[in-house]
Amino acid sequence: MLIDLNLKGKQVVVIGAGREATRKVEALLGQDCEIIVVADRISEPIRKWEAEGYVQCTVMIVENGEFLKNYDHLILVMAATDSRELNRNLVKSGLEAGSYVYAVDDPEVSDFNHPAVISLDDNVKVAISTSGKSPLMSGTFRARLEPILRQTITRVDLLQVKLQERMRKLAMEVLSDPGQRKEFLQSLIVDPEIQSFLERGSLDEAEYFARQRLEKIKRKQD
Ligand SMILES: C[C@@]1(CC(=O)O)C2=NC(=C\c3[nH]c(c(CCC(=O)O)c3CC(=O)O)Cc3[nH]c(c(CC(=O)O)c3CCC(=O)O)/C=C3\N/C(=C\2)[C@@H](CCC(=O)O)[C@]3(C)CC(=O)O)/[C@H]1CCC(=O)O
Ligand SMILES: NC(=O)c1ccc[n+]([C@@H]2O[C@H](COP(=O)([O-])OP(=O)(O)OC[C@H]3O[C@@H](n4cnc5c(N)ncnc54)[C@H](O)[C@@H]3O)[C@@H](O)[C@H]2O)c1
């Protein structure tokens with residue numbers, strides 16, 4: 001099952017700081033979580049992210065997963081060393097600590113796989129997975145699909161996502177009937193005036209217009 005994990009405010013511990021760990025840490029940046037890297041040597045990019053305040057590093061030789069007990073809001077353990085045995089041990093300790101687990105060399109014991117991701121303006125993410133059958137083919141499909149998606153999902157569509165995010169929150173407060181909320185949100189997608197604001201990049205004006213429309217519906221309802 002493909003899911004979009006919410007890691008906000010939680011601790012993620014990545015053990016190992018080599019090539020693969022670096023890619024996994026990169027995927028965690030921007031997830032609003034606390035990223036802790038533990039390894040006996042740290043890659044250059046991870047050092048840079050540490051200096052920028054995105055990552056905390058602990059340099060030590062890890063023998064087992066005992067140290068994971070020290071974290072109080074651990075949600076995910078990512079074992080990314082080049083030792084299969086150590087990664088297995090870390091997964092076991094992570095499970096004991098009640099967190100999700102992932103091993104870079106072992107899809108069988110991992111709670112999830114990383115799909116190949118196409119991210120459009122950080123607003124829309126498209127994930128491709130072969131569930132471990134062929135990571136290389138996932139990457140190949142990503143490269144093939146990316147230009148097509150960028151044509152299909154336009155800049156205006158991405159602004160509409162932002163508008164929907166704002167108006168959806170308001171509609172939740174104002175309209176109690178889910179059917180009516182959906183109808184209102186749907187009307188924003190097809191409205192030619194909103195469309196033309198978004199084409200000009202005027203998100204705030206589109207929002208102003210949408211708010212007025214919501215007010216009108218509410219007044220009718222009262
Ligand atoms: C999609 C992508 C996302 C990402 O990692 O960001 C991803 N691997 C990518 C590339 C890639 N990985 C590997 C190669 C070399 C060729 C090959 O072996 O095929 C290449 C190609 C390359 O390097 O170009 C080697 C490899 N990968 C795994 C193992 C271990 C094993 O299977 O046991 C080994 C053997 C290591 C060894 O030989 O020792 C395991 C996994 N890799 C996954 C994801 C998960 C399944 C996702 C799916 O099924 O779709 C899974 C199960 C777990 C996970 O990592 O989450 C990313 C493409 C990103 C992009 O291009 O956008
Ligand atoms: N999931 C994937 O997509 C994928 C792709 C390629 C490779 N792999 C697998 O990932 C594994 C790691 O590959 P890599 O290229 O990142 O290796 P690497 O050598 O670049 O990194 C290994 C890291 O583990 C650390 N480490 C090892 N033992 C340690 C210990 N006892 N204490 C602390 N730190 C320790 C090292 O310091 C290093 O930072 C390999 O087993 C490989 O098979 C997975």
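FYI, side chains are in, hydrogens and waters are out, and symmetry mates aren't considered; it's all heavy atoms of this structure. Here the structure is a predicted model, which is why all the values come from computation and not from measurement. In listed order, ligands and their atoms are each counted from 1.
Taking a cut-off of under 4.0 Å to the non-hydrogen atoms of Y102, the atoms of ligand 2 that pass are 1 (N). With ligand atoms numbered from 1 in the order given, ligand 2 contributes 3 (O) to contacts under 4.0 Å with heavy atoms of R23. Each of the atoms 32 (N), 33 (C) of ligand 2 lies under 4.0 Å from some heavy atom of M60.
Annotation: atom 30 (C) of ligand 1 to nearest protein heavy atom, V104 O, 3.9 Å. If you check which protein heavy atom lies closest to atom 10 (O) of ligand 2, you get V104 CG1, 3.2 Å. D40 OD1, 3.4 Å is the protein heavy atom nearest to atom 36 (C) of ligand 2. Of all protein heavy atoms, the one closest to atom 31 (C) of ligand 1 is P107 CD, 3.7 Å. Closest to atom 20 (O) of ligand 2, if we only count protein heavy atoms, is R19 N, 3.0 Å. Closest to atom 16 (C) of ligand 1 among all protein heavy atoms lies L136 CB, 4.2 Å. Protein heavy atom nearest atom 19 (O) of ligand 2, with residue, atom name and distance: D82 OD2, 3.5 Å. Nearest to atom 61 (O) of ligand 1 among the protein's heavy atoms is R142 NH2, 3.0 Å. Atom 54 (C) of ligand 1 has as its closest protein heavy atom Y102 OH, 3.0 Å. Of all protein heavy atoms, the one lying nearest to atom 50 (O) of ligand 1 is S138 OG, 2.4 Å. Of the protein's non-hydrogen atoms, the one nearest atom 53 (C) of ligand 1 is N113 OD1, 3.6 Å. What sits closest to atom 6 (C) of ligand 2 on the protein, heavy atoms only, is E20 OE2, 3.4 Å.
For the pair D105 and ligand 2, the shortest N or O to N or O distance does not fall below 3.5 Å. Ligand 2 has an N or O atom lying under 3.5 Å from an N or O atom of G18, backbone or side chain. For the pair G132 and ligand 1, the shortest N or O to N or O distance falls below 3.5 Å. When only interatomic distances are considered, the shortest N/O to N/O separation between D106 and ligand 1 does not fall below 3.5 Å. Polar contact with ligand 2: absent for T81 (N/O pair, distance under 3.5 Å). Here's the thing with V62: one of its N/O atoms is less than 3.5 angstrom from an N/O atom of ligand 2.
Ligand 2 has no atom lying under 4.0 Å from any heavy atom of R84. Ligand 2 is never approached by H114 to a heavy-atom distance shorter than 4.0 Å. At least one heavy atom of A17 sits under 4.0 Å from some atom of ligand 2.
At a 4.0 Å heavy-atom cut-off, ligand 1 does not touch A27 at all. When heavy-atom distances to ligand 1 are checked against a 4.0 Å cut-off, H114 comes that close through both its backbone and its side chain. Contact annotation: for K24 versus ligand 1, heavy atoms closer than 4.0 Å belong to the side chain alone. Only the backbone of P115 comes within 4.0 Å of ligand 1, counting heavy atoms alone; no side-chain atom from C-beta on gets that close. At a 4.0 Å heavy-atom cut-off, ligand 2 does not touch V38 at all.
Proximity of V104 to M78: side-chain heavy atoms (C-beta onward) are nowhere separated by under 4.5 Å. Residues V37 and I42 form a side-chain contact, since some pair of their non-hydrogen atoms from C-beta on lies under 4.5 Å apart. Between Q164 and I189, some side-chain heavy-atom pair lies under the 4.5 Å cut-off.
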_Between S138 and R142, does the side-chain hydrogen bond (donor to acceptor under 3.5 Å, both in side chains) criterion hold? Intermediate values first, please._
CA-CA 6 Å; S138 286; R142 178 189 52 72; over 6 Å; no
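Between H114 and Y102, the angle of the ring planes goes over 60°, which puts this pair in the perpendicular group of the 30/60° scheme.
For the residues E20, R84, R23, the heavy atom positioned nearest atom 57 (C) of ligand 1 is part of R23. Taking all heavy atoms of P135, A116, S129 into account, the minimum distance to atom 20 (C) of ligand 1 is reached by P135.
The protein reaches atom 33 (C) of ligand 2 closely, with a heavy atom under 4.0 angstrom from it.
No path of Ile, Leu, Val, Met, Phe, Trp and Tyr side chains, each step under 4.5 Å between heavy atoms, connects I36 with I46, placing them in separate hydrophobic clusters.
A salt bridge is defined here as a Lys NZ or Arg NE, NH1 or NH2 lying under 4.0 Å from an Asp or Glu carboxylate O, and K169 with E173 fails to meet this definition. One finds no salt bridge joining E215 and K218 here, because no Lys/Arg side-chain nitrogen approaches an Asp/Glu carboxylate oxygen to under 4.0 Å.
S196 and R200 are linked by a side-chain donor-acceptor pair at a separation below 3.5 angstrom, with hydrogens and angles left out of the test.
Checked against a 6.0 Å centroid threshold, the rings of Y71 and H73 do not count as neighbours.
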